[in-house]
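Inspection log for the structure reproduced underneath, given as structure tokens.
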Amino acid sequence: MPELKILLEALLLAAGEPVTLERLLETFPEAERPDRDAIRTALVDLAASYAGRGMELVEVASGFRLQVPKPFSPWVSRLWEERAASYSRASLETLALIAYRQPITRGEIEEVRGVSVSTSIMKTLQERGWIKIIGHREVPGHPALYATTRAFLDYFNLKSLGDLPPLAAPRDLAAIGAALEERTALPDSSPQTEFPDV
Amino acid sequence: MPELKILLEALLLAAGEPVTLERLLETFPEAERPDRDAIRTALVDLAASYAGRGMELVEVASGFRLQVPKPFSPWVSRLWEERAASYSRASLETLALIAYRQPITRGEIEEVRGVSVSTSIMKTLQERGWIKIIGHREVPGHPALYATTRAFLDYFNLKSLGDLPPLAAPRDLAAIGAALEERTALPDSSPQTEFPDV
Amino acid sequence: MTTAESVNPAVDVAETPLLAKVGGQPFTKIPHDLYIPPDALEVFLEAFEGPLDLLLYLIQRQNLNILDIPIADITRQYMEYLALMQELRLELAAEYLVMAAWLAEIKSRLLLPRPATAEAEELDPRAELVRRLQEYERFQQAARTLDTLPRLERDLFTASAEPVYRDLVRTPPPVNLADLLDALREVMNRAELFTRHPIQREALSVRERMSQVLEQLDVLRFTAFTSLFRPEEGRRGLVVTFMAILELLREALLELVQTEPFAPIHVRRRS
């Protein structure tokens with residue numbers, strides 16, 4: 001049997017997609033199956049051995065993956081004629097709302113964005129495998145509830161939703177009201193009864 | 001710019017298919033494009049660096065390709081193990097008859113089942129390692145006699161065929177009892193009292 | 001909002017000629033201020049992702065904090081853009097008009113004296129608008145951040161090497177003993193149906209069986225005693241076989257060997 005680290009390298013390269021620890025274990029006949037810790041240790045070793053190389057070992061939502069690191073992207077993207085799809089602001093905003101606010105209905109997305117969300121955006125995101133309907137809200141009309149998928153996390157190189165960059169802190173309504181009061185109060189002595197036209 | 005050898009590694013890993021020298025060259029902006037010899041030399045270097053690793057660099061008809069070396073194929077192949085559909089009723093009946101009535105010919109199985117037994121069923125069970133031919137019946141045509149294997153017992157966690165559960169139905173019990181007696185009771189019991197009805 | 005960072009590239013184009021206005025200074029007639037070729041203007045106006053986006057743009061362009069919105073000014077500017085869009089026959093989403101009505105309402109409420117009694121509960125009429133703008137701004141920011149995350153196929157690429165030596169491995173299906181028993185029960189029940197037809201069985205002859213047994217035996221090799229019996233023949237068959245063996249033994253045509261008590265019995269043809 002080849003060295004475990006090298007064998008894992010071969011398996012991850014052959015897979016060409018994220019592979020779970022379980023799937024790695026199952027490639028060994030039962031009698032020769034290493035334990036999970038041995039695999040984890042070998043994976044850590046392997047990841048370290050890629051320093052300064054054309055690949056890196058990462059753990060994303062669906063498992064372990066070998067990938068070509070970002071610094072190589074200018075050359076690698078020239079391998080293909082087609083440029084990677086770029087997404088419209090509307091798509092990205094919709095995706096961001098689903099990612100941070102899931103499960104969320106289309107109506108709720110529209111409420112925040114202040115504009116209707118086109119069916120084609122929802123369809124594209126679903127076809128891309130980044131979002132899916134995970135149920136329906138128990139309100140009249142039973143609107144679909146959307147959530148992001150494991151493929152979304154894989155695609156954005158994330159292990160879990162917790163790895164998403166934090167959302168800017170919201171200001172609660174009361175604070176907004178208070179702040180407004182304060183600001184309008186300053187120039188005027190009686191803000192309670194009179195709002196100057198600002 | 002990363003070291004040429006490492007950059008080529010990244011390109012080949014990202015491509016996941018054979019890449020021609022021309023296509024490799026085209027990933028460089030014209031001003032920075034290395035000459036063909038430099039690329040060839042770097043590829044040779046790279047290939048040498050993969051000794052003892054989980055990948056190898058080969059030149060095939062359509063270009064240069066990274067591939068997983070042959071010694072890893074047993075593990076790699078198990079990455080995509082396909083779970084076959086469950087066995088048909090016919091397969092299970094055939095297996096049950098062999099288990100309880102071994103040694104048995106295909107003709108005898110067909111007689112009990114009332115329909116013919118397909119060659120593929122016998123083949124599937126043999127490939128699984130659960131049945132084997134243990135001889136031939138000394139009748140015209142010399143039909144093969146099938147019996148279950150040790151692997152069959154192991155799979156069902158049985159120490160011997162005697163551990164096969166008896167069938168509940170009384171009519172069946174007689175048949176199964178006879179099969180079991182054949183193996184265990186006959187040599188040490190008095191046949192005169194065992195078989196009163198002849 | 002403290003940055004004047006533009007919302008998108010299309011807005012950048014338009015922003016330059018308008019930058020003179022800072023800090024809520026009154027905004028004069030838009031068409032005269034906009035030195036934008038009509039084609040570009042259309043692109044510019046279409047670039048807005050709805051009324052909140054347009055409002056945020058108007059606020060950000062003047063380097064204003066959302067909390068400092070000069071409602072009268074912003075409302076006027078908003079209306080001017082709306083008029084412009086209509087002039088250019090851009091199809092206006094209904095949301096733009098709803099927002100226009102809302103802005104007008106806020107403006108008029110700000111002009112009215114607030115009744116002293118409702119003081120405690122009633123918030124600044126701008127509060128809800130500010131909340132919506134802030135909320136939308138958060139997700140605009142989140143969308144921009146999301147777009148900068150390293151993404152597969154654009155920044156990162158799955159590394160793979162061809163598994164050229166891969167074989168197809170099929171895991172056989174699992175079977176449990178209960179299924180096996182079910183199958184047997186079923187086939188036996190079916191077999192019973194077949195045997196119910198009155199088929200005249202030929203009486204089993206001990207003689208015939210004697211020769212059959214003999215045929216199976218070898219002079220050189222021992223054969224397992226039990227292998228001479230065929231359970232599928234039922235009791236009748238087993239007894240006939242047993243009697244045939246006894247008869248052959250009596251006639252000294254075969255020999256039986258048992259190495260120790262309870263060990264398997266073996267049979268060999270006598271030479």
Side-chain angles (χ1 to χ4, degrees), chain A residues 10 12-17 54-56 65-70 72-73 76-77 83-87 89-90 92-97 99-101 111-116 154-158 164-165 167-171 173-174 176-177 179-181 183-184 192-198, chain C residues 7-8 24 47 49-53 55 67-73 93-95 99 107 109-116 119 123-128 130-132 134-147 149-163 166:
Chain A
L12 292 173
L13 282 171
E17 61 181 1
M55 63 191 132
E56 62 188 2
R65 172 172 78 195
L66 283 177
Q67 63 187 27
V68 174
K70 192 169 172 178
F72 297 96
S73 69
V76 173
S77 36
R83 306 281 313 163
S86 72
Y87 291 86
R89 223 148 54 80
L92 286 167
E93 287 177 10
T94 304
L95 185 60
L97 273 161
Y100 285 94
R101 284 278 171 90
E111 202 178 289
V112 175
R113 295 194 60 235
V115 73
S116 68
D154 290 347
Y155 217 79
F156 285 89
N157 211 31
L158 303 168
L164 275 173
L167 196 56
R171 285 208 234 186
L173 196 52
I176 293 168
L180 286 169
E181 296 274 344
R183 274 157 203 275
T184 48
Q192 298 93 327
T193 53
E194 196 187 327
F195 272 85
D197 180 7
V198 279
Chain C
V7 167
N8 62 32
E49 288 291 334
L52 288 173
D53 193 23
L55 273 179
L67 295 175
D68 280 332
I69 314 171
I71 283 291
D73 256 12
E95 293 94 344
M99 176 61 75
K107 193 174 132 188
R109 280 177 63 195
L110 284 171
L111 290 170
L112 291 174
R114 204 158 22 146
E119 174 190 338
L123 283 164
D124 187 304
R126 292 170 300 176
E128 175 60 12
V130 168
R131 188 192 67 79
R132 293 278 306 270
Q134 280 208 329
E135 183 74 345
Y136 178 56
E137 195 183 32
R138 287 172 77 204
F139 283 98
Q140 261 193 350
Q141 181 58 49
R144 279 196 293 267
T145 310
L146 201 60
D147 201 27
L149 288 184
R151 192 194 304 170
L152 220 53
E153 287 171 19
R154 186 187 69 181
D155 312 302
L156 303 168
F157 305 86
T158 306
S160 64
E162 280 200 33
R166 175 186 158 194

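Not measured: the values here are computed from a predicted model. As a basis for the values below, the full set of heavy atoms in this structure was taken, side chains included, without hydrogen atoms, waters or symmetry mates.
- We find the CG-CG distance between C:Leu146 and A:Leu97 to be 10.5 Å, quoted to the nearest 0.5 Å.
- Using a 4.5 Å cut-off between heavy atoms, A:Pro69 touches chain C through its backbone atoms (N, CA, C, O) alone.
- For A:Ala85, the part lying under 4.5 angstrom from a heavy atom of chain C is the backbone only.
- A:Tyr100 and C:Ala142 get closest at one heavy-atom pair: CE1-CB, 3.8 Å.
- Applying the side chain to side chain donor-acceptor pair (under 3.5 Å) rule to C:Arg151 yields the partners C:Asp147; only residues at least two apart in sequence or on another chain are considered.
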Query raised in the report: Would C:Leu156 and A:Glu56 satisfy side-chain contact (heavy atoms from CB on, under 4.5 Å), going step by step from the backbone distance to the final call?
Result: CA-CA 10 Å; C:Leu156 303 168; A:Glu56 62 188 2; 3.9 Å; yes
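- The minimum heavy-atom distance between C:Thr158 and A:Glu17, with the atom names listed, is CG2-N, 4.1 Å.
- If you measure heavy-atom distances from A:Thr94 to chain C, you find no contacts under 4.5 Å at all.
- Among all heavy-atom pairs drawn from A:Asn157 and C:Pro150, the shortest one is CB-O, 4.0 Å.
- Nearest heavy-atom pair across A:Gln67 and C:Leu152 is OE1-CD1, 4.4 Å.
- For the residue pair C:Phe157 and A:Ser77, the shortest heavy atom distance occurs at CZ-N, 4.1 Å.
- For the pair C:Thr145 and A:Pro165, the tightest heavy-atom approach, listed with the atom from each and the gap, is CG2-CG, 3.5 Å.
- Residues that satisfy the side-chain contact (heavy atoms from CB on, under 4.5 Å) test with C:Glu49, not counting sequence neighbours, are A:Arg89, A:Ala90, A:Glu93, A:Arg113, C:Asp53, C:Tyr136.
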